[in-house]
Number of protein chains: 2
Amino acid sequence: MCVMDQAAGTEPAASRGPCAAIPAEQMAFIREILDRVGDKWSTLIIALLEDGPLRYSDLQHDVPGISQRMLSHTLRQLHQDGLVTRTAYAEVPPRVEYALTPLSRSLLDIVKQLIGWASDHHDEIRRNRAEAETAVPRR
Amino acid sequence: MCVMDQAAGTEPAASRGPCAAIPAEQMAFIREILDRVGDKWSTLIIALLEDGPLRYSDLQHDVPGISQRMLSHTLRQLHQDGLVTRTAYAEVPPRVEYALTPLSRSLLDIVKQLIGWASDHHDEIRRNRAEAETAVPRR
DNA sequence: CTGTATCCCGTCAGATACTG
DNA sequence: CAGTATCTGACGGGATACAG
(Lines give C-alpha, C1' and ligand atoms only; values in the text may rest on other atoms or scores of the structure.)
Protein backbone atom coordinates (compact mmCIF):
# COMPACT_ATOMS: atom_id res chain seq x y z
CA MET A 1 0.00 0.00 0.00
CA CYS A 2 1.44 3.23 -1.06
CA VAL A 3 0.85 6.34 0.95
CA MET A 4 0.57 8.33 -2.25
CA ASP A 5 -2.16 6.14 -3.60
CA GLN A 6 -3.91 5.87 -0.30
CA ALA A 7 -3.88 9.59 0.03
CA ALA A 8 -5.88 10.33 -3.07
CA GLY A 9 -7.52 6.97 -3.47
CA THR A 10 -5.98 6.41 -6.89
CA GLU A 11 -5.08 3.01 -8.20
CA PRO A 12 -1.49 1.78 -7.95
CA ALA A 13 -1.41 1.19 -11.71
CA ALA A 14 0.73 -1.84 -10.84
CA SER A 15 3.80 -0.97 -12.82
CA ARG A 16 6.42 -2.61 -10.65
CA GLY A 17 7.16 -2.96 -6.95
CA PRO A 18 4.95 -1.98 -4.07
CA CYS A 19 4.87 1.79 -4.31
CA ALA A 20 6.27 2.61 -7.71
CA ALA A 21 4.31 4.46 -10.34
CA ILE A 22 3.64 7.48 -8.22
CA PRO A 23 1.29 9.71 -10.09
CA ALA A 24 3.49 12.61 -11.04
CA GLU A 25 0.59 15.01 -10.65
CA GLN A 26 0.12 13.78 -7.11
CA MET A 27 3.74 14.55 -6.41
CA ALA A 28 3.31 17.95 -7.91
CA PHE A 29 0.56 19.23 -5.68
CA ILE A 30 1.90 17.48 -2.63
CA ARG A 31 5.07 19.44 -3.22
CA GLU A 32 3.05 22.53 -3.77
CA ILE A 33 1.28 22.23 -0.44
CA LEU A 34 4.47 21.22 1.26
CA ASP A 35 6.19 24.31 -0.04
CA ARG A 36 3.49 26.39 1.56
CA VAL A 37 3.34 24.49 4.83
CA GLY A 38 7.05 24.00 4.99
CA ASP A 39 8.11 27.51 4.18
CA LYS A 40 9.96 29.50 6.72
CA TRP A 41 7.08 31.13 8.58
CA SER A 42 3.68 29.78 7.60
CA THR A 43 3.36 27.01 10.14
CA LEU A 44 4.54 29.24 12.94
CA ILE A 45 1.96 31.85 12.08
CA ILE A 46 -0.80 29.28 11.83
CA ALA A 47 0.18 27.86 15.18
CA LEU A 48 0.17 31.30 16.75
CA LEU A 49 -3.30 32.05 15.45
CA GLU A 50 -4.78 29.04 17.16
CA ASP A 51 -5.98 30.96 20.19
CA GLY A 52 -7.69 33.69 18.27
CA PRO A 53 -7.14 36.56 15.85
CA LEU A 54 -3.92 38.51 16.01
CA ARG A 55 -2.91 41.82 14.58
CA TYR A 56 -0.02 42.45 12.29
CA SER A 57 2.04 43.94 15.08
CA ASP A 58 1.24 41.06 17.40
CA LEU A 59 2.59 38.62 14.90
CA GLN A 60 5.62 40.73 14.26
CA HIS A 61 6.34 40.69 17.96
CA ASP A 62 5.54 37.03 18.53
CA VAL A 63 7.57 35.66 15.67
CA PRO A 64 11.05 36.69 16.74
CA GLY A 65 13.14 36.82 13.60
CA ILE A 66 10.57 37.78 10.99
CA SER A 67 10.94 40.88 8.86
CA GLN A 68 8.06 43.09 7.79
CA ARG A 69 8.56 41.99 4.27
CA MET A 70 8.31 38.32 5.09
CA LEU A 71 5.39 38.79 7.46
CA SER A 72 3.44 40.68 4.82
CA HIS A 73 4.40 38.23 2.17
CA THR A 74 3.51 35.15 4.19
CA LEU A 75 0.21 36.58 5.34
CA ARG A 76 -0.71 37.49 1.80
CA GLN A 77 0.10 33.99 0.62
CA LEU A 78 -1.89 32.44 3.42
CA HIS A 79 -4.77 34.76 2.69
CA GLN A 80 -4.75 33.99 -1.01
CA ASP A 81 -4.83 30.30 -0.25
CA GLY A 82 -7.74 30.78 2.09
CA LEU A 83 -5.73 29.78 5.13
CA VAL A 84 -6.22 33.02 7.01
CA THR A 85 -8.85 35.72 6.99
CA ARG A 86 -7.86 39.35 6.87
CA THR A 87 -10.10 41.89 8.55
CA ALA A 88 -9.24 45.56 8.34
CA TYR A 89 -11.03 47.98 10.63
CA ALA A 90 -11.57 51.48 9.32
CA GLU A 91 -10.12 53.12 12.37
CA VAL A 92 -7.29 55.37 13.20
CA PRO A 93 -4.80 54.08 13.89
CA PRO A 94 -5.58 51.29 11.44
CA ARG A 95 -6.09 47.82 12.81
CA VAL A 96 -5.95 44.57 10.87
CA GLU A 97 -6.65 41.20 12.34
CA TYR A 98 -5.70 37.84 10.97
CA ALA A 99 -7.48 34.67 11.94
CA LEU A 100 -7.63 31.05 10.98
CA THR A 101 -10.25 29.63 8.64
CA PRO A 102 -11.92 26.23 8.86
CA LEU A 103 -9.45 25.10 6.24
CA SER A 104 -6.42 26.08 8.25
CA ARG A 105 -7.95 24.72 11.42
CA SER A 106 -7.92 21.31 9.84
CA LEU A 107 -4.27 21.89 9.05
CA LEU A 108 -3.62 23.07 12.55
CA ASP A 109 -4.01 19.63 14.05
CA ILE A 110 -1.29 18.32 11.81
CA VAL A 111 0.90 21.35 12.35
CA LYS A 112 0.66 20.88 16.08
CA GLN A 113 1.64 17.27 15.76
CA LEU A 114 4.59 18.32 13.69
CA ILE A 115 5.61 20.88 16.26
CA GLY A 116 5.16 18.33 19.00
CA TRP A 117 7.31 15.88 17.10
CA ALA A 118 9.94 18.52 16.57
CA SER A 119 9.95 19.30 20.26
CA ASP A 120 10.21 15.66 21.21
CA HIS A 121 12.98 14.78 18.82
CA HIS A 122 14.96 17.87 18.04
CA ASP A 123 17.73 17.07 20.51
CA GLU A 124 17.96 13.52 19.22
CA ILE A 125 18.35 14.88 15.72
CA ARG A 126 20.90 17.41 16.85
CA ARG A 127 22.88 14.62 18.47
CA ASN A 128 22.70 12.51 15.36
CA ARG A 129 23.88 15.38 13.27
CA ALA A 130 26.72 16.17 15.63
CA GLU A 131 27.88 12.54 15.52
CA ALA A 132 27.76 12.49 11.77
CA GLU A 133 29.90 15.59 11.65
CA THR A 134 32.58 14.20 13.95
CA ALA A 135 32.55 11.00 11.91
CA VAL A 136 33.38 13.08 8.85
CA PRO A 137 36.05 15.42 10.33
CA ARG A 138 36.18 18.03 7.61
CA ARG A 139 33.24 17.47 5.29
CA MET B 1 -3.03 27.31 25.97
CA CYS B 2 -0.29 27.88 23.50
CA VAL B 3 0.69 25.19 21.11
CA MET B 4 4.28 26.19 21.53
CA ASP B 5 4.23 25.79 25.23
CA GLN B 6 2.20 22.64 25.12
CA ALA B 7 4.61 21.19 22.63
CA ALA B 8 7.65 21.27 24.83
CA GLY B 9 5.95 21.46 28.19
CA THR B 10 7.57 24.77 29.00
CA GLU B 11 5.87 27.42 31.07
CA PRO B 12 4.08 30.28 29.32
CA ALA B 13 6.14 32.83 31.22
CA ALA B 14 2.94 34.87 31.29
CA SER B 15 4.16 38.01 29.61
CA ARG B 16 0.94 39.16 27.93
CA GLY B 17 -1.95 37.58 26.12
CA PRO B 18 -2.71 33.92 25.75
CA CYS B 19 0.08 32.71 23.55
CA ALA B 20 2.60 35.48 23.55
CA ALA B 21 6.11 35.07 24.88
CA ILE B 22 6.97 32.22 22.57
CA PRO B 23 10.31 30.90 23.66
CA ALA B 24 12.57 32.03 20.89
CA GLU B 25 14.64 28.89 21.22
CA GLN B 26 11.50 26.85 20.68
CA MET B 27 10.89 28.76 17.49
CA ALA B 28 14.41 28.12 16.45
CA PHE B 29 14.40 24.36 16.53
CA ILE B 30 10.84 24.12 15.30
CA ARG B 31 12.00 26.03 12.30
CA GLU B 32 15.04 23.82 12.07
CA ILE B 33 12.95 20.68 11.93
CA LEU B 34 10.45 22.28 9.62
CA ASP B 35 13.21 23.22 7.24
CA ARG B 36 14.17 19.60 7.06
CA VAL B 37 10.67 18.18 6.90
CA GLY B 38 9.41 20.89 4.63
CA ASP B 39 12.24 20.98 2.21
CA LYS B 40 11.61 20.13 -1.36
CA TRP B 41 12.13 16.38 -1.30
CA SER B 42 12.51 14.96 2.18
CA THR B 43 8.91 14.15 2.94
CA LEU B 44 8.40 12.55 -0.42
CA ILE B 45 11.38 10.31 0.09
CA ILE B 46 10.29 9.38 3.59
CA ALA B 47 6.84 8.54 2.30
CA LEU B 48 8.27 6.40 -0.46
CA LEU B 49 10.43 4.45 1.94
CA GLU B 50 7.45 3.37 3.98
CA ASP B 51 7.07 0.01 2.30
CA GLY B 52 10.68 -0.99 2.62
CA PRO B 53 14.22 -0.12 1.59
CA LEU B 54 14.83 1.40 -1.79
CA ARG B 55 17.94 1.85 -3.82
CA TYR B 56 19.29 5.08 -5.12
CA SER B 57 18.09 4.36 -8.62
CA ASP B 58 14.65 3.37 -7.37
CA LEU B 59 14.26 6.69 -5.68
CA GLN B 60 15.53 8.54 -8.68
CA HIS B 61 12.93 6.82 -10.77
CA ASP B 62 10.08 7.15 -8.28
CA VAL B 63 10.55 10.83 -7.53
CA PRO B 64 9.85 12.32 -10.93
CA GLY B 65 11.56 15.67 -11.00
CA ILE B 66 14.53 15.10 -8.72
CA SER B 67 18.07 15.56 -9.92
CA GLN B 68 20.97 13.38 -8.89
CA ARG B 69 22.42 16.24 -7.00
CA MET B 70 19.30 16.84 -4.95
CA LEU B 71 18.71 13.16 -4.34
CA SER B 72 22.23 12.70 -3.02
CA HIS B 73 22.02 15.84 -1.00
CA THR B 74 18.66 15.05 0.54
CA LEU B 75 19.63 11.48 1.36
CA ARG B 76 22.83 12.66 3.00
CA GLN B 77 20.93 15.17 5.10
CA LEU B 78 18.38 12.59 6.13
CA HIS B 79 21.13 10.15 6.94
CA GLN B 80 23.02 12.65 9.04
CA ASP B 81 19.89 13.42 10.98
CA GLY B 82 19.29 9.74 11.60
CA LEU B 83 16.14 9.71 9.50
CA VAL B 84 17.33 7.10 7.06
CA THR B 85 19.85 4.30 7.16
CA ARG B 86 22.32 3.83 4.36
CA THR B 87 23.49 0.32 3.59
CA ALA B 88 26.11 -0.21 0.94
CA TYR B 89 26.72 -3.72 -0.33
CA ALA B 90 30.21 -4.55 -1.49
CA GLU B 91 29.10 -5.97 -4.78
CA VAL B 92 29.56 -5.23 -8.39
CA PRO B 93 27.65 -3.44 -9.59
CA PRO B 94 27.41 -1.50 -6.34
CA ARG B 95 24.10 -1.48 -4.51
CA VAL B 96 23.04 0.95 -1.82
CA GLU B 97 19.80 0.73 0.04
CA TYR B 98 18.07 3.42 2.03
CA ALA B 99 15.51 2.67 4.69
CA LEU B 100 13.57 4.39 7.40
CA THR B 101 14.67 4.42 11.02
CA PRO B 102 12.44 4.24 14.10
CA LEU B 103 12.83 7.99 14.31
CA SER B 104 11.56 8.63 10.82
CA ARG B 105 8.80 6.06 11.26
CA SER B 106 7.41 8.23 14.00
CA LEU B 107 7.54 11.13 11.57
CA LEU B 108 5.94 9.06 8.86
CA ASP B 109 2.54 9.10 10.51
CA ILE B 110 2.54 12.86 10.49
CA VAL B 111 3.91 13.06 6.99
CA LYS B 112 1.16 10.79 5.76
CA GLN B 113 -1.44 12.97 7.42
CA LEU B 114 0.09 15.97 5.74
CA ILE B 115 0.03 14.27 2.37
CA GLY B 116 -3.53 13.20 2.99
CA TRP B 117 -4.46 16.74 3.87
CA ALA B 118 -2.75 18.04 0.78
CA SER B 119 -4.63 15.55 -1.35
CA ASP B 120 -7.92 16.43 0.24
CA HIS B 121 -7.56 20.17 0.01
CA HIS B 122 -5.25 21.00 -2.83
CA ASP B 123 -8.03 21.76 -5.26
CA GLU B 124 -9.77 23.92 -2.71
CA ILE B 125 -6.56 25.85 -2.22
CA ARG B 126 -6.03 26.13 -5.94
CA ARG B 127 -9.51 27.53 -6.30
CA ASN B 128 -8.96 30.01 -3.51
CA ARG B 129 -5.75 31.14 -5.08
CA ALA B 130 -7.34 31.49 -8.49
CA GLU B 131 -10.12 33.63 -7.04
CA ALA B 132 -7.67 35.84 -5.23
CA GLU B 133 -5.81 36.42 -8.46
CA THR B 134 -8.88 37.44 -10.39
CA ALA B 135 -9.86 39.71 -7.53
CA VAL B 136 -6.55 41.50 -7.93
CA PRO B 137 -6.44 41.83 -11.74
CA ARG B 138 -2.84 42.82 -12.14
CA ARG B 139 -0.99 42.16 -8.89
C1' DC C 1 -0.22 51.04 12.74
C1' DT C 2 0.02 48.46 8.56
C1' DG C 3 1.99 47.83 5.15
C1' DT C 4 4.87 48.50 0.10
C1' DA C 5 9.26 49.28 -2.70
C1' DT C 6 14.00 48.69 -3.49
C1' DC C 7 18.40 46.81 -3.06
C1' DC C 8 21.16 42.98 -2.34
C1' DC C 9 23.19 38.70 -1.11
C1' DG C 10 23.21 33.80 0.03
C1' DT C 11 21.29 29.53 -0.81
C1' DC C 12 18.55 26.32 -3.61
C1' DA C 13 18.36 23.58 -7.18
C1' DG C 14 18.75 22.16 -12.30
C1' DA C 15 22.01 20.76 -16.17
C1' DT C 16 25.90 18.72 -17.43
C1' DA C 17 30.09 16.27 -17.13
C1' DC C 18 33.00 13.23 -14.75
C1' DT C 19 34.56 9.24 -11.23
C1' DG C 20 34.86 4.78 -8.39
C1' DC D 1 25.17 1.63 -10.24
C1' DA D 2 25.93 5.31 -7.23
C1' DG D 3 27.37 9.03 -6.73
C1' DT D 4 30.64 13.91 -6.97
C1' DA D 5 32.11 18.45 -9.22
C1' DT D 6 31.22 22.64 -11.28
C1' DC D 7 28.70 26.18 -13.32
C1' DT D 8 24.65 29.03 -13.38
C1' DG D 9 20.16 31.13 -12.99
C1' DA D 10 16.25 31.74 -9.89
C1' DC D 11 14.41 32.75 -5.76
C1' DG D 12 14.05 33.40 -0.70
C1' DG D 13 14.57 36.44 2.52
C1' DG D 14 16.94 40.41 5.33
C1' DA D 15 17.70 45.66 5.77
C1' DT D 16 16.24 49.86 4.91
C1' DA D 17 13.42 53.51 3.39
C1' DC D 18 9.10 55.14 2.30
C1' DA D 19 3.65 55.44 2.04
C1' DG D 20 -1.46 55.33 3.29
Side-chain angles (χ1 to χ4, degrees), chain A residues 16-17 20 24 27-28 31-32 34-45 48-49 53-81 84-99 132 136 138-139, chain B residues 16-17 24 27-28 31-32 34-45 48-49 53-80 84-99 132 136 138-139:
Chain A
R16 66 161 226 299
M27 288 282 189
R31 289 243 35 270
E32 206 169 320
L34 252 33
D35 277 352
R36 187 59 24 96
V37 170
D39 83 352
K40 198 168 183 180
W41 306 109
S42 294
T43 55
L44 250 20
I45 290 177
L48 285 171
L49 289 175
L54 289 175
R55 315 175 49 164
Y56 184 89
S57 52
D58 293 332
L59 288 167
Q60 188 163 20
H61 176 268
D62 290 348
V63 183
I66 200 168
S67 63
Q68 287 187 323
R69 175 169 138 69
M70 278 302 106
L71 181 53
S72 296
H73 180 73
T74 306
L75 287 172
R76 190 171 345 118
Q77 297 275 7
L78 290 172
H79 184 227
Q80 283 184 4
D81 291 352
V84 301
T85 60
R86 199 195 107 109
T87 311
Y89 298 89
E91 305 173 349
V92 43
R95 178 166 57 103
V96 180
E97 287 191 338
Y98 294 91
V136 183
R138 270 310 89 201
R139 54 179 54 252
Chain B
R16 66 163 224 298
M27 288 284 188
R31 290 245 31 274
E32 206 167 323
L34 252 34
D35 276 352
R36 187 60 20 98
V37 170
D39 85 352
K40 199 168 181 180
W41 307 109
S42 294
T43 55
L44 250 18
I45 289 176
L48 285 172
L49 289 175
L54 288 176
R55 314 174 50 163
Y56 184 90
S57 51
D58 293 333
L59 288 168
Q60 188 162 19
H61 177 269
D62 290 348
V63 183
I66 199 168
S67 62
Q68 286 187 323
R69 177 171 136 67
M70 278 302 109
L71 181 54
S72 297
H73 180 71
T74 306
L75 287 171
R76 193 176 336 124
Q77 298 275 6
L78 291 172
H79 185 225
Q80 284 183 4
V84 301
T85 58
R86 197 194 109 111
T87 312
Y89 298 89
E91 304 173 348
V92 43
R95 177 166 59 105
V96 180
E97 286 191 339
Y98 295 91
V136 183
R138 273 308 87 202
R139 49 179 57 250

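Note on naming: letters A, B, ... go to the chains in the order of the sequence lines (proteins, then strands), and numbering restarts at 1 for each one.
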Which nucleotide wins on minimum distance to the side chain of B:Tyr56, given the candidates D:dG13, C:dT2, D:dG3? D:dG3
Tell me the closest heavy-atom pair linking A:Trp41 and A:Gly65, and the distance in Å. CH2-C, 3.9 Å
Would you indicate which nucleotide in D:dG14, D:dG20, C:dG14 comes nearest to any side-chain atom of A:Met70? D:dG14
When rounded to whole Å, the CG to C1' distance for the pair A:Leu71 and C:dG3 reads 10 Å
Starting at CG of B:Asp58 and ending at P of D:dA2, how long is that distance when rounded to a whole Å? 8 Å
Full working for side-chain contact (heavy atoms from CB on, under 4.5 Å) between A:Tyr56 and A:Leu75: CA-CA 9 Å; A:Tyr56 184 89; A:Leu75 287 172; 4.1 Å; yes
Grab the CG-P distance between A:Leu78 and C:dG3 for me, whole Å please. 13 Å
For B:Tyr98, answer base if it contacts any base atom (sugar-phosphate contacts may also be present), sugar-phosphate if it contacts only those atoms, and nothing otherwise; contact means non-hydrogen atoms under 4.0 Å. sugar-phosphate
Looking at every non-hydrogen atom in both residues, tell me the closest pair between A:Asp39 and A:Ser42 and how far apart they are. OD1-OG, 2.7 Å
Starting at CD of A:Gln68 and ending at P of D:dG20, how long is that distance when rounded to a whole Å? 16 Å
Interatomic distance where CG belongs to A:Leu54 and P belongs to C:dG3 [whole Å]: 13 Å
Is B:Ser72 near enough to D:dA2 that one of its side-chain N or O atoms lies under 4.0 angstrom from OP1 or OP2? no
Side chain of A:Arg86 only, please: which of C:dT2, D:dG14, C:dG14 is the nearest? C:dT2
Between B:Asp39 and A:Leu75, whichever has its closest DNA chain C nucleotide further toward 5' is A:Leu75
B:Leu34 CG to D:dG12 P, straight-line distance once rounded to whole Å: 17 Å
Assess the residue pair A:Leu44 and A:Asp62 against the criterion (side-chain contact (heavy atoms from CB on, under 4.5 Å)); give the C-alpha distance rounded to whole Å, side-chain angles, the decisive distance to 0.1 Å, and a yes or no. CA-CA 10 Å; A:Leu44 250 20; A:Asp62 290 348; over 6 Å; no
Taking the nucleotide of DNA chain C with the closest heavy atom to each, which residue, A:Pro93 or B:Gly65, is nearer the 5' end? A:Pro93
By nearest atom, which of the nucleotides C:dT4, C:dA17, D:dG13 is closest to the A:Arg76 side chain? C:dT4
Mind calculating the distance between NE2 (A:His61) and P (C:dG3) to the nearest angstrom? 18 Å
Nearest-0.5 Å distance that lies between atom CG in A:Leu71 and atom CD1 in A:Ile66: 4.5 Å
How close or far is atom C1' of D:dT4 from atom CD of B:Gln77, stated in whole angstroms? 16 Å
Which comes earlier along DNA chain D counting from the 5' end, the contact point of B:Arg55 or that of B:Arg69, where each point is its nearest nucleotide? B:Arg55
Out of D:dG14, C:dG14, D:dC1, which has the shortest distance to the side chain of B:Ser57? D:dC1
Looking only at side-chain atoms of A:Lys40, point me to the closest of D:dG14, C:dG14, C:dG3. D:dG14
